[in-house]
> 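This is the structure, below, for whatever I ask next.
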Amino acid sequence: MFKRIGVIGAGAMGRGIAQLFASSGQQVLLFDTRAEAIDEALAFNRNLLQRAQAKGKLTEAELEAIVARMQPAAKLSDLADCDLVIEAIVELLEVKQKLFADLEAIVSADCVLATNTSSLSVTRIASTAKHPERVAGFHFFNPVPLMKIVEVVRGERTDERHIQALVALADQAGHFPAITPDTPGFLVNHAGRAFGTEALRMLSEGVATPSQIDRILRDGPGFRMGPFELFDLTGLDVSHAVMESVYEQFYHDPRYTPSFIAAQRVAAGLLGRKTGQGFYRYEDGQKIEPAEAQPETVLITRPFWLETDDDALRGQVSEVLTKAGATLETGSKPSDDAICLVTPLGDDCSSALTQLGLPAERTLALDSFANWDKRRTLMRQPAARADVVAQARQALGADGVPVEVINDSPGFVIQRLIASVVNLGCEIVQKGITAPQTLDRAIQLALGYPKGPLAFGEHYGEANILAVLNNLQSNYGEPRYRPSPWLRRRVQLDLPLTTPDFQE
Ligand code: NAI
């Protein structure tokens with residue numbers, strides 16, 4: 001086990017890494033080219049620890065012991081006795097390579113050199129080292145003490161012993177170590193691409209507004225934050241750079257295509273919270289939530305007809321329509337003035353009504369993936385009459401549950417976003433980037449998703465997800481939505497998505 005850890009770079013990440021390991025009993029030496037950054041970091045950490053003490057999480061003696069284990073290093077050569085050095089300096093390849101070259105001249109032969117890089121290749125950072133086998137990635141998340149996960153990144157030449165030693169170190173500090181090979185975005189920043197890029201894709205097609213998309217995804221799958229709120233929190237400049245970097249590194253695989261919308265907004269300085277304006281406006285740091293549309297009350301004059309095999313959904317629709325004073329027809333064909341509701345998977349309303357031969361002016365679609373008790377989604381299409389939309393919206397919300405009206409979109413909002421998340425998760429395990437269980441745990445810990453990608457697949461039904469993707473792909477004719485073989489095979493063989501590729 002490592003005993004003496006050098007941390008270089010005393011910024012947001014370095015100070016957190018120092019605090020984590022000082023708290024778990026290691027001696028930590030903190031170095032930064034700006035001496036004042038070290039003082040600030042140590043004062044910042046002491047303050048955090050004092051707050052923990054005030055809440056009764058630490059004794060005074062424990063606090064003093066932790067603080068005493070974090071010492072400033074006046075010069076790089078003070079790190080000579082360290083058995084592990086973790087760098088968290090500026091994200092520039094040449095600067096990190098130079099730092100490791102300088103360190104190799106100082107530290108002993110068995111000292112491990114770790115990089116907290118979030119976007120550079122660990123292998124490339126190691127490529128100029130005398131001993132690339134001692135270089136590994138150790139990628140933490142901000143704020144380090146609270147985000148209980150770290151990616152342990154295996155460069156092409158990293159010695160397995162060092163990987164295991166970093167895993168043990170993370171474990172004893174209470175962080176979940178997710179081992180991953182050195183691939184673009186590693187594990188978390190790779191798996192996280194679907195959420196933002198698919199949301200931007202929907203925005204670019206005029207499917208719904210950012211606040212609608214956020215509301216639908218909070219109340220449906222239960223994300224703590226919608227994609228646009230998340231862009232605003234992270235800073236669109238940071239998120240867009242990650243989107244571009246992963247896309248470039250995967251040689252323009254259309255799964256990762258970034259959005260021109262993000263590029264333009266970055267150019268305009270609409271970065272989010274930090275500039276006071278992003279997808280939302282901020283006043284005194286508080287998000288101004290746009291009011292939800294309050295449509296005028298209309299008279300419900302038409303009966304409804306629903307196309308679905310799902311008896312539970314039929315029951316729910318029937319119940320709310322009764323509340324609205326409307327009727328749900330039971331015939332196999334709609335009557336001449338009925339509002340027809342279809343429930344497609346991965347198709348848009350236009351395709352679904354065409355396939356079923358339903359009247360375009362009075363056919364709308366209802367999302368079967370929505371959380372019925374919290375928020376419903378009604379999808380219109382270009383031929384739908386406004387009075388039909390108004391009546392359907394009012395009737396389906398007669399019990400007070402909000403109804404979002406969105407424009408035609410293959411897979412509504414939830415289906416296509418969740419299918420993209422599941423599909424990318426499947427692709428990641430197919431590529432051997434991580435084991436299925438590690439993927440789900442890492443994503444929940446690092447990104448705060450209510451479920452991991454594979455668990456989302458199970459929740460909505462693996463076959464449903466595959467159907468959504470197949471239909472998205474045929475609606476758009478784009479390889480962006482091609483189903484991962486991992487997903488397809490497990491649906492074909494009726495196996496859980498966590499099933500490995502072969503039996504031991
Ligand atoms: P930061 O800007 O807060 O801190 C960087 C610190 O490094 C500064 O105090 C700077 O004076 C110091 N520094 C710069 N060049 C140096 C050198 N050659 N030698 C010694 N010290 C030097 O940056 P932050 O956010 O802490 O990021 C550091 C690293 O961690 C970057 O590689 C970043 O990509 C990565 N990272 C950042 C995350 C974040 O959320 N901020 C998350 C995960 C990784």
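Remember, it's 1-based here, ligands and their atoms both numbered in the order they're listed.
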> Verify the ring-centre separation between Tyr449 and Phe223: is it less than 6.0 angstrom?
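Aromatic pair counts; centres sit under 6.0 Å.
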> So if I count the atoms of ligand 1 from 1 in the order they appear, which ones are less than 4.0 Å from some heavy atom of Val95?
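Result: 18 (N).
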> Between Asp214, Asp219, Asp367, which is the residue that forms a salt bridge (charged side-chain N to carboxylate O under 4.0 Å, His left out) with Arg375?
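Result for salt bridge (charged side-chain N to carboxylate O under 4.0 Å, His left out) with Arg375: Asp219.
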> Are any non-hydrogen protein atoms located under 4.0 Å from atom 23 (O) of ligand 1?
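Protein heavy atom within 4.0 Å of atom 23 (O) of ligand 1: absent.
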> Provide, to 0.1 Å, the distance between atom 30 (O) of ligand 1 and the closest protein heavy atom, together with that atom's residue and name.
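In this structure, atom 30 (O) of ligand 1 has Asn116 ND2, 2.9 Å as its nearest protein heavy atom.
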> What I want to know is whether Glu91 and ligand 1 share at least one N or O pair that is separated by under 3.5 angstrom.
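Yes.
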> Check for me whether the distance between the ring centres of Tyr256 and His190 falls short of 6.0 Å.
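Yes, the ring of Tyr256 comes within the 6.0 Å limit of the ring of His190, centre to centre.
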> Taking Gln26 for the side chain and Lys3 for the main chain, is one N or O donor matched with an acceptor at less than 3.5 Å?
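Absent.
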> Take every heavy atom of Arg15, measure it against each atom of ligand 1, and state whether any distance is under 4.0 Å.
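So Arg15 does not count as touching ligand 1.
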> Around atom 4 (O) of ligand 1, find the nearest protein heavy atom and jot down its residue, atom name and distance.
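Protein heavy atom with the smallest distance to atom 4 (O) of ligand 1: Gly11 CA, 3.2 Å.
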> Could you say whether the N/O atoms of Ala12 and ligand 1 ever approach to under 3.5 Å?
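Yes; at least one N/O pair falls below 3.5 Å.
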> Below 4.0 angstrom from a heavy atom of His139, which ligand 1 atoms are there? Numbered from 1 as shown, please.
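Under 4.0 Å from His139, ligand 1 has these atoms: 43 (C), 44 (C).
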> Between Tyr476 and Tyr481 (judged by ring centroids, cut-off 6.0 Å), do the two rings come close enough to count as a pair?
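Yes, the ring of Tyr476 comes within the 6.0 Å limit of the ring of Tyr481, centre to centre.
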> If you count the atoms of ligand 1 from 1 in the order shown, which ones are under 4.0 Å from a heavy atom of Ala88?
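Near Ala88, the atoms of ligand 1 are 5 (C), 7 (O), 28 (C), 29 (C).
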> Taking atom 12 (C) of ligand 1 as the point of reference, which of Val7, Thr33, Thr115, Asp32 owns the nearest heavy atom?
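The option holding the nearest heavy atom is Asp32.
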> Please list the nearest protein heavy atom to atom 40 (O) of ligand 1 with its residue and the distance rounded to 0.1 Å.
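Result: Asn142 CB, 3.4 Å.
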> Can the ring centroids of Phe279 and Phe228 be said to lie less than 6.0 angstrom from one another?
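Under 6.0 Å, so yes.
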> Find all atoms of ligand 1 within a distance of less than 4.0 Å from any non-hydrogen atom belonging to Phe140, and give their numbers and elements.
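Selected atoms, number and element: 42 (C), 43 (C).
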> Testing Leu417, Asn371, Val413 for side chain to side chain contact (heavy atoms under 4.5 Å, CB included) with Ile216, which one passes?
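It is Val413, the one option of Leu417, Asn371, Val413 that forms the side chain to side chain contact (heavy atoms under 4.5 Å, CB included) with Ile216.
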> Between ligand 1 and Phe141, is the shortest N or O to N or O distance under 3.5 Å?
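So ligand 1 has no N or O lying under 3.5 Å from an N or O of Phe141.
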> Between Arg255 and Arg482 (side chain of the first, backbone of the second, donor and acceptor by atom type, cut-off under 3.5 Å), is there such a pair?
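Flag set: sc Arg255 to bb Arg482 pair under 3.5 Å.
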> Between OG1 of Thr377 and CD1 of Ile213, what distance do you get to the nearest 0.5 Å?
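Reported to 0.5 Å precision, the distance equals 10.5 Å.
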> Kindly state if atom 9 (O) of ligand 1 has a protein heavy atom within a strict 4.0 Å cut-off, that is, under 4.0 Å?
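Under the 4.0 Å cut-off, atom 9 (O) of ligand 1 does have protein heavy-atom neighbours.
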> Heavy atoms only: which of Ile8, Leu120, Thr234, Ile89 lies closest to atom 16 (C) of ligand 1?
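Among Ile8, Leu120, Thr234, Ile89, the closest heavy atom to atom 16 (C) of ligand 1 belongs to Ile89.
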> Any nitrogen or oxygen of Leu99 lying under 3.5 Å from a nitrogen or oxygen in ligand 1? Just yes or no.
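No - when backbone and side-chain N and O of Leu99 are compared with those of ligand 1, no distance drops under 3.5 Å.
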> So, do Thr183 and Lys431 sit near enough that their side-chain heavy atoms are less than 4.5 Å apart?
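When only atoms from C-beta onward are counted, Lys431 and Thr183 do not touch, as no gap falls below 4.5 Å.
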